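Here's the structure we're looking at; comments come further down.
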Number of protein chains: 2
Amino acid sequence: MSGTAPRLEDSPKRTQIMDAAAALFIAQGYGAVSMDAIAKAAAVSKATLYAHFRSKDALFATIIREACQSNLTFGAFETHGADTRAALLELGGRMLRFLLEDRALAIHRVVMAESVRFPELGRAFYENGPRTSCGLFAGWLKAQADAGRLRLSDPLRAAEQFFGMLKGSAWGRAALGVPPAPNEAEIDATVASAVEVFLRAYGT
Amino acid sequence: MSGTAPRLEDSPKRTQIMDAAAALFIAQGYGAVSMDAIAKAAAVSKATLYAHFRSKDALFATIIREACQSNLTFGAFETHGADTRAALLELGGRMLRFLLEDRALAIHRVVMAESVRFPELGRAFYENGPRTSCGLFAGWLKAQADAGRLRLSDPLRAAEQFFGMLKGSAWGRAALGVPPAPNEAEIDATVASAVEVFLRAYGT
DNA sequence: GTCTATAGGCCGATAGAC
DNA sequence: GTCTATCGGCCTATAGAC
């Protein structure tokens, strides 16, 4: 080992390829993106592309797997004071706004579409996205329940129900590209109504 | 007009093409299916295929549009007696089982994936699927409310919340192909819990 | 309308020079 | 590692016989 040679993973060309491929695959999906298009967008030759990635399949799987391992959960759950309703409103608002971001919607579309041919990607997305978020939220709910501010026996199910109500029609429409895009008022109203139902069912 | 000549739409070859193309497109998506594969599966030549459909795009749009115009809602809402809870359990169970069918999941995947390139398909799916089901269910909820068996001010939102809770994690997992496939016990438990939350929030 | 045969192009992947 | 140039194949779509 010479010790100072840059590793393959850090080469600038590889970064260019990863960035370009991520943008294209996430925006357009597997089938609609050619290796020529990726090489052109990354400003490298196709041969360089194949020097770094064995095949189009391997490149796609690497890109999407990495996209699934970051930025798929919507932030922290810390410090929401003693007001459970206010905390739910804040958490719900952040969650729904995250789910409605273009990038999150696009990744969801691509992974769902290709989960048949690339089952590992469906699993990676599920574990790092919905399951992690739900698990964290369920933990928060359990803490609230232990503190006597909620009354529930199955925190994970309650978390899933809350997220399900949040998504409602706004997310379904956005995921299918059906206008109008949800506006702030619709998002706030959806969150507020979900919190209301949740507290009527699980509040003390 | 000779009067007895079979119309193009009724030709047996066309039926073969539509059936084969529907099966392939719904199962594998737009990009993964070639016109050769459709012709072979339909037992016709490619030239015949192009005699009936201008292009692959047009064939795909026709197939998916038709798939969106039928079999995307889960049945009728009639005659559920006076017991609101029992009715919700029955409706919820039918709805969730319908959403978990292979065909419904596959159409959802294909439409969501191609809704960027074929915006009309996203809209057709949304209108004929979720929106129609939600609207019908909201009407049923309103009737229950008018009869004094529920207390809610926004039937459509309540319908969306109920459907959102139904989907929960079982549907998310199934749509991404993540094992284990939901079993009957999980489905029943999900429905029962959603009905419980719904009635605590909106029951009388 | 339906077929066989093929045009014409783009695709994924590679050879070989440097 | 990176390039230019190219291969072989599959793709969409069509020409022409019947």
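Per chain, numbering begins at 1; letters A, B, ... match sequence-line order. Computed from a predicted model, the values in this text were never measured in an experiment.
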Nearest-Å distance, CE (A:Met35) to C1' (D:dT4)? 17 Å
How many Å lie between NZ on B:Lys40 and P on C:dC3, as a whole number? 16 Å
Whole angstrom value for the distance that separates C1' of C:dC3 from NZ of B:Lys13: 9 Å
Tell me which nucleotide among C:dG12, C:dT2, D:dA13 gets nearest to the side chain of A:Ser34. C:dG12
Would you please say whether a donor-acceptor pair under 3.5 Å links the side chains of A:Glu127 and A:Thr132? no
note: A:Phe53, atom CZ; C:dT14, atom C1'; distance rounded to Å ~ 18 Å
Can you check whether B:Tyr50 has a side-chain N or O nearer than 4.0 Å to OP1 or OP2 of D:dT14? no
Among the nucleotides D:dT2, D:dT12, C:dT2, which one has an atom lying closest to any side-chain atom of B:His52? C:dT2
Could you check A:Ala47 against B:Ala43 and say which one's nearest nucleotide on DNA chain C is further toward the 5' end? B:Ala43
Sub-4.5 Å side-chain heavy-atom contact between A:Leu176 and B:Arg123: no
Are there more than 12 heavy atoms of other residues, nucleotides or ligands under 6.0 Å from atom CD of A:Glu66? no
Between CG of A:Asp36 and P of D:dA5 the distance, given in whole Å, is 15 Å
Measure from NZ on B:Lys56 to P on D:dT14 and round the result to the nearest Å. 15 Å
For B:Ala158 versus B:Phe198, what's the shortest heavy-atom pair and its separation? O-CE1, 3.5 Å
May I have the distance from A:Leu49 (atom CG) to C:dT14 (atom P), rounded to whole angstrom? 12 Å
Quick check on C:dG1: is either OP1 or OP2 less than 4.0 Å from any side-chain nitrogen or oxygen of B:Thr48? no
Could you walk me through whether A:Tyr30 and A:Phe118 pass the ring-ring contact (aromatic ring centres under 6.0 Å, His included) check? CA-CA 11 Å; A:Tyr30 179 85; A:Phe118 300 87; 5.7 Å; yes
Please tell me if B:Lys46 has a side-chain N or O lying less than 4.0 Å from either OP1 or OP2 of C:dT6. no
From CD1 of B:Ile38 across to C1' of D:dA13 the rounded distance in Å is 13 Å
Need one value for B:Ser45: base, sugar-phosphate or nothing, where a base atom within 4.0 Å counts as base even if backbone is also close, heavy atoms only. base
